[in-house]
Amino acid sequence: MKDMKNCGITYLNHTECKEDSTIVITGLGRSGTTMLSKVLSGLGIPMGERLSPQSKEDIDIRNAVLNNDEELFNKICRKRNGEYQKWGFKLPGFRSYINTYDKNIKNPRYIIVFRDIMAISMRNNISMGGETVKAMRDSVTSYQQLVERISKSNYPLMLVSYEKVLCNPTLSCEEIARFCGVKINNEDVVKIASTISNGDPEYLYGKK
């Protein structure tokens, strides 16, 4: 990575991925976490048993986290640990639980997606309406809080630029696979990279 110019990916606390690891994708809502979750699914990493149809969030984990039910979250993690060596989940809201729920996750590794605040704000307006400048202020505040949590974490972190992934899908897939400890051939890289796009109609409208 040292010889590349702004590939949009960097690492903190980087270590080789263990066979028994949990990959957590998080970031602000509408920042590109769904796109990254699809990449991990393409790599063969189980991303949940019951996924929400549009956002591809693990419904059981989402409910546990949103209800601040740490006991239920632990139970789900223990069950998944028994079923899989390596598994993952995608949940933007989990960004508030970095450094608090980590102890309940087996060898956690984080992929954290960053997207420009204007795009996030406009994307929120499409889904929920609202005023753009206020949404931008909210995004700035949320990013400040996220960066603070990242700076205090001792776990392996992969920081990913949504925009750069769109510009370099093949390179991004290769780096994500490497971070997740997945060996992948060129043909599969190209196949997974072809699924990376902005404004996926399945996400926007719930259909392909």
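For the residue pair N104/N74, the side-chain donor-acceptor check at 3.5 Å is satisfied. With 3.5 Å as the limit, one finds no donor-acceptor pair spanning the side chains of E70 and Y97. Judged by distance alone, the side chains of Y101 and N68 do bring a donor and an acceptor atom under 3.5 Å apart. When only modelled atom types and interatomic distance are considered, S55 and S52 share a side-chain donor-acceptor pair under 3.5 Å.
Side-chain atoms of T22 and K86, non-hydrogen and from C-beta on, never get closer than 4.5 Å to each other. Side-chain contact check for I45 versus C180: some heavy-atom pair is nearer than 4.5 Å.
The heavy-atom pair separating L166 from S197 by the smallest distance is CD2-C, 3.8 Å. Residues L91 and T26 come closest through the heavy atom pair O-OG1, 2.9 Å. The shortest non-hydrogen separation linking R149 to R95 is CD-O, 3.0 Å.
Here S96 pairs with nothing under the side chain to side chain contact (heavy atoms under 4.5 Å, CB included) rule; sequence neighbours left out.
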(request) Run the numbers on E83 and K79 for salt bridge (charged side-chain N to carboxylate O under 4.0 Å, His left out), then give the verdict. (result) CA-CA 6 Å; E83 294 172 337; K79 181 175 183 292; 2.8 Å; yes
In residues 105-112, what donor-acceptor pairs under 3.5 Å come from side-chain atoms, sequence neighbours left out?
| from | atom 1 | to | atom 2 | distance (Å) |
| --- | --- | --- | --- | --- |
| K106 | NZ | Y84 | O | 3.2 |
| K106 | NZ | Q85 | O | 3.0 |
| N107 | ND2 | D20 | O | 2.6 |
| N107 | ND2 | D20 | OD1 | 3.4 |
| R109 | NE | F179 | O | 2.9 |
| R109 | NH1 | T15 | O | 3.1 |
| R109 | NH1 | T15 | OG1 | 3.4 |
| R109 | NH2 | T15 | O | 2.8 |
| R109 | NH2 | F179 | O | 3.1 |
| Y110 | OH | D102 | OD2 | 2.9 |

